[in-house]
Trainee: 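Questions regarding the structure given below will be posed in turn.
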Protein chains: 4
Amino acid sequence: MTKEEVLKEYRVREILEAARRVIGKFGFEGTTIDRVADEARIAKGTIYLYFPNGKDELLHSAVVEGLRDLTAELRRSDDPSQTPIARLASMVRAMFTIQRNHQDFFKALILDSRFVAFEPGDARETELRNVYIEALECVADLLRVAIADRAIRPIEPQLAAVTLFEMMTAPLRRSLLGLAGAPTDADAEAVMELFLYGVRDARPSGNGNA
Amino acid sequence: MTKEEVLKEYRVREILEAARRVIGKFGFEGTTIDRVADEARIAKGTIYLYFPNGKDELLHSAVVEGLRDLTAELRRSDDPSQTPIARLASMVRAMFTIQRNHQDFFKALILDSRFVAFEPGDARETELRNVYIEALECVADLLRVAIADRAIRPIEPQLAAVTLFEMMTAPLRRSLLGLAGAPTDADAEAVMELFLYGVRDARPSGNGNA
Amino acid sequence: MTKEEVLKEYRVREILEAARRVIGKFGFEGTTIDRVADEARIAKGTIYLYFPNGKDELLHSAVVEGLRDLTAELRRSDDPSQTPIARLASMVRAMFTIQRNHQDFFKALILDSRFVAFEPGDARETELRNVYIEALECVADLLRVAIADRAIRPIEPQLAAVTLFEMMTAPLRRSLLGLAGAPTDADAEAVMELFLYGVRDARPSGNGNA
Amino acid sequence: MTKEEVLKEYRVREILEAARRVIGKFGFEGTTIDRVADEARIAKGTIYLYFPNGKDELLHSAVVEGLRDLTAELRRSDDPSQTPIARLASMVRAMFTIQRNHQDFFKALILDSRFVAFEPGDARETELRNVYIEALECVADLLRVAIADRAIRPIEPQLAAVTLFEMMTAPLRRSLLGLAGAPTDADAEAVMELFLYGVRDARPSGNGNA
DNA sequence: GATGAATGAGCGTTCATTCAT
DNA sequence: AATGAATGAACGCTCATTCAT
């Protein structure tokens, strides 16, 4: 990689980080090129050197990078020597940690983003899809292992993974509604337990109607 | 109710429906007063006769009405003579039906909305919260009954309700990612089963590691 | 005059009075048809029955009527049996009284009005001119008498009349600038004295340089 | 001063001059951002670079600048080595000159401005007041000197100054009413004489009734 | 005649984008 | 490469005017 490329990558990263902070502070709708430039301490025009396609591209990249970080973190937190269930629990905890660390950005990402809002066929839609799927597959792969291991039922792994992702937003949503404080580790455990066992009462004396 | 009030309510409804269609087509960010007026086949200024506080109020009302419709539908679908579990299943199916009927709007609502984006203390934030909570409580109440009935475990009903709400977006999200077709009744069943039983393998020979 | 005409004149008067109150409260720029209609307790559309040419015509008429009232008041206050100087003093006092009675309206009229803002040739410009001149001539005629009477110098009566009119706004302007309280009778006397004697020191020991 | 500051000041001046021309042509109510931008041959948005607070700020600045120019001109025209009366006469002549040079603008300023139209407490109201008072004080100070010098009577200098200001608008008003041509030097002399001596006939044979 | 709901031109303002320096 | 002044399309909103009832 040439010196120029290194510099370029550094600049791109700086801009994207600034964009994430701005998104966190002002939401997607409140994110303007001016604010990102200010946050990155560069001139507005400079952004167009690194993101020639403008704002859409920049926001897209910021979201993609956020999801990639998420994926990377999920992978880093994984310890294949553990049982599948323990690994799943680790992943859930890891996602909660990331949510907490980049809280404002993920809050915006979850509540405010148009996730898949590009024109059908737009290359960016594909990329966004792929990076989301990649995060998903971390979990789905683990589910496949767990299924093979008979640790969990033979359900559709991808649907279960999406479901788990959505479940993890529940404590955040509840917090935003003022129904609870910020998500805690206890919430991570609660979500994990719901995901594993559901709500059904398994006690022998349980009411067996369905 | 006087004739004027009837007419006014009719107009308000027409505008809100137009707004919902526009939100569905263009997302929240792409929703402009011009587009709503065009969609409602009225002049731009007319909107301000019925929504004097402008766009924010209009979007807020559209979202609130959407959630109210949801709540109403949940209540209508409920048959208290059934077992709690059967009633829960009905609710899940009802929500899927609504999602299907107003698919684009709910897609925007779920993926794009700033749900709680008003200034803290804004009366609208409170209303939005309340109407969301009302929908939530339909489910939470049912969960309380089910718990009393020992049909489900003594979990925190409100968290479980939020979680169920989030879970129900999973098939929609999956569909939007191109990983599956539009949500079906089968998806409703799958979500219901996950919610009830979780993913854990309950077979006697199951691998019990945790 | 037919019954219809009487009614019409009554309505016109009501609307004009409402307009004057609104102008007083909100200034010319803040005067809208809606506000005038509200103030007159009639429907917006009704105004167009009596002022088919719309807002410009209405404001024009309100100003004209205000000036006519002023003229009428000046005439009513005049007592031809007095000396010209006493009659002038009465007129100045009368103008201050009117200013006080319709303070807000005249404040707007003096400070805010486009007095002669119509297209050249517009019939309304002519009318406005004429009604203003009519008020002016009340004073100018008196000045002519005074000149004939050798009570005042043989100056150009019309210019002197305009000047007196402008001088009378000085206490109001001073008040609006916060440099003094609302115009008082003492201000009327001071203006009158300045108009009669100027500022020059007439004392024998006075410094005679010019 | 850096090059940027010079350029900025130049632009601000250009915009303000354009604004003054537009105000002169269309009056305050007819002054739109579009027209000012057109007149200044810049894009509408550019105005907001130099007047971030928008139209109110722009109009305010235009008026303030106009009054400052007036004050500066009054000071420039003053020659302290002359007698107070001669200095007063110079000031009156100077004001007429300025009126002539920026005729349309001052016409609007005099006839159309809401001079003190901001919310009470608004910093701009204070500034406007102050700049007006500053112009006033040029004259009031001179009047104080003249009083000390016994050239004029011991009248209230500030009221006399406001009165003189108002008197100077008389020829302009007369002209606008079509009662005379544009103000001339002769009008300046006439105003000056009225201000000094009033209208009273001082001839020995004069009619002394009051 | 009286109404007021409906209209849409026109306003002030924002902000993504361009380009001369 | 980096800048930020300049641009102008597009937005939310107001309000004088019209017209069906």
Side-chain angles (χ1 to χ4, degrees), chain A residues 4 7-8 11 29-38 40-59, chain B residues 3-4 7-8 10-11 29-38 40-59, chain C residues 4 7-8 11 29-38 40-59, chain D residues 3-4 7-8 10-11 29-38 40-59:
Chain A
E4 284 77 20
L7 182 63
K8 177 157 184 172
R11 277 273 198 247
E29 203 165 334
T31 297
T32 66
I33 295 291
D34 266 284
R35 279 174 169 161
V36 174
D38 276 5
R41 296 175 178 281
I42 58 175
K44 191 168 19 172
T46 306
I47 289 181
Y48 285 84
L49 292 176
Y50 297 97
F51 295 91
N53 293 338
K55 192 190 183 189
D56 278 4
E57 184 80 16
L58 172 60
L59 290 190
Chain B
K3 205 174 63 178
E4 285 77 21
L7 184 64
K8 177 157 186 172
Y10 173 73
R11 277 275 193 252
E29 202 166 334
T31 296
T32 68
I33 294 291
D34 267 288
R35 277 174 170 159
V36 175
D38 277 3
R41 295 177 177 282
I42 57 176
K44 195 178 2 181
T46 304
I47 289 183
Y48 288 86
L49 292 177
Y50 298 96
F51 295 90
N53 293 338
K55 194 192 182 188
D56 278 5
E57 186 80 15
L58 172 59
L59 291 192
Chain C
E4 284 77 20
L7 182 63
K8 178 158 184 172
R11 278 272 199 250
E29 202 166 336
T31 297
T32 66
I33 295 292
D34 266 283
R35 279 174 169 160
V36 175
D38 276 5
R41 296 174 178 284
I42 57 174
K44 194 169 17 173
T46 306
I47 288 182
Y48 285 86
L49 293 176
Y50 297 97
F51 295 91
N53 292 338
K55 193 192 184 188
D56 279 3
E57 184 80 17
L58 172 59
L59 291 190
Chain D
K3 205 174 61 179
E4 285 77 21
L7 184 64
K8 178 156 186 173
Y10 173 73
R11 276 274 193 253
E29 202 166 335
T31 297
T32 67
I33 294 290
D34 265 288
R35 278 176 170 160
V36 174
D38 277 4
R41 295 176 178 283
I42 57 176
K44 196 175 7 176
T46 305
I47 289 183
Y48 288 85
L49 292 177
Y50 298 96
F51 295 91
N53 293 339
K55 194 192 182 188
D56 278 5
E57 186 80 15
L58 172 59
L59 291 192

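Just so we're on the same page: letters track the sequence lines, and every chain starts at 1.
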Trainee: For the residue pair B:Leu58 and B:Ile33, what are the closest heavy atoms and their distance?
Mentor: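 Minimum heavy-atom contact is CD2-CD1, 4.2 Å.
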
Trainee: What's B:Leu7 touching, base or sugar-phosphate or nothing? Going by heavy atoms closer than 4.0 Å.
Mentor: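 The answer is nothing, as B:Leu7 stays clear of every strand by at least 4.0 Å.
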
Trainee: Please enumerate all residues that pass salt bridge (Lys or Arg N to Asp or Glu O under 4.0 Å) together with C:Lys55, with sequence neighbours excluded.
Mentor: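 Expected list: none.
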
Trainee: To the nearest Å, give me how far apart CD (B:Glu29) and P (E:dC15) are.
Mentor: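 These atoms are roughly 11 Å apart.
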
Trainee: Can you tell me how far C1' of E:dG8 sits from CD1 of B:Ile33, to the nearest Å?
Mentor: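 Rounded to whole Å, this separation is 15 Å.
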
Trainee: Taking the nucleotide of DNA chain E with the nearest heavy atom to each, does D:Thr31 or B:Ala43 sit closer to the 5' end?
Mentor: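 Residue closer to the 5' terminus by nearest nucleotide: B:Ala43.
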
Trainee: List for me each residue that meets side chain to side chain contact (heavy atoms under 4.5 Å, CB included) alongside C:Asp38, sequence neighbours excluded, and say none if there are none.
Mentor: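 Residues passing side chain to side chain contact (heavy atoms under 4.5 Å, CB included) with C:Asp38: none at all.
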
Trainee: Check salt bridge (Lys or Arg N to Asp or Glu O under 4.0 Å) between A:Arg35 and all other residues, then give those that pass, not counting sequence neighbours.
Mentor: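 Here no residue qualifies.
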
Trainee: Taking any heavy-atom pair under 4.0 Å as a contact, classify C:Lys55: base, sugar-phosphate, or nothing.
Mentor: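 Sugar-phosphate contact only - C:Lys55 comes under 4.0 Å of backbone atoms but never of a base.
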
Trainee: What residues from residues 45-53 of chain C pass a heavy-atom cutoff of under 4.0 Å to DNA chain F?
Mentor: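 Heavy-atom contacts with DNA chain F come from C:Tyr48.
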
Trainee: Would you compute the distance between atom CD1 of A:Ile47 and atom CD of A:Glu57 and round it to the nearest 0.5 angstrom?
Mentor: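 CD of A:Glu57 is found 13.0 Å from CD1 of A:Ile47.
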
Trainee: How many angstroms lie between atom CZ of D:Arg11 and atom CG of D:Leu49, to the nearest 0.5 angstrom?
Mentor: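 One gets 9.5 Å once the value is rounded to the nearest 0.5 Å.
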
Trainee: Can you list the stems that include DNA chain F, where a stem is three or more consecutive Watson-Crick or G-U pairs with distances under 3.5 Å?
Mentor: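 Result, WC/G-U stems under 3.5 Å: E:2-21 with F:2-21.
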
Trainee: Which is more 5' along DNA chain F, the nucleotide nearest B:Gly54 or the one nearest A:Arg41? Just name the residue.
Mentor: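 Nearer the 5' end of the strand: A:Arg41.
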
Trainee: With a 4.0 Å cutoff (strictly under), does any side-chain N or O of C:Arg11 reach OP1 or OP2 of E:dA2?
Mentor: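 Answer yes for this pair, as a side-chain N or O of C:Arg11 is under 4.0 Å from OP1 or OP2.
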
Trainee: Give every residue pair that meets the side chain to side chain donor-acceptor pair (under 3.5 Å) criterion with at least one member in residues 45-54 of chain D, sequence neighbours excluded.
Mentor: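 Qualifying pairs, neighbours excluded: none.
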
Trainee: Return yes if the base of E:dG1 and the side-chain atoms of C:Lys8 contain a donor-acceptor N/O pair under 3.5 Å, otherwise no.
Mentor: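 Per atom types, no contact qualifies.
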
Trainee: First and last nucleotide of DNA chain F touching chain B, 5' to 3', heavy-atom cut-off 4.0 Å?
Mentor: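 Listed 5' to 3', the contact boundaries are F:dC11 to F:dT14.
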
Trainee: Rounding to a whole Å, what distance do you find between B:Asp34:CG and E:dG10:C1'?
Mentor: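 The distance from CG of B:Asp34 to C1' of E:dG10 comes to 13 Å, rounded to the nearest Å.
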
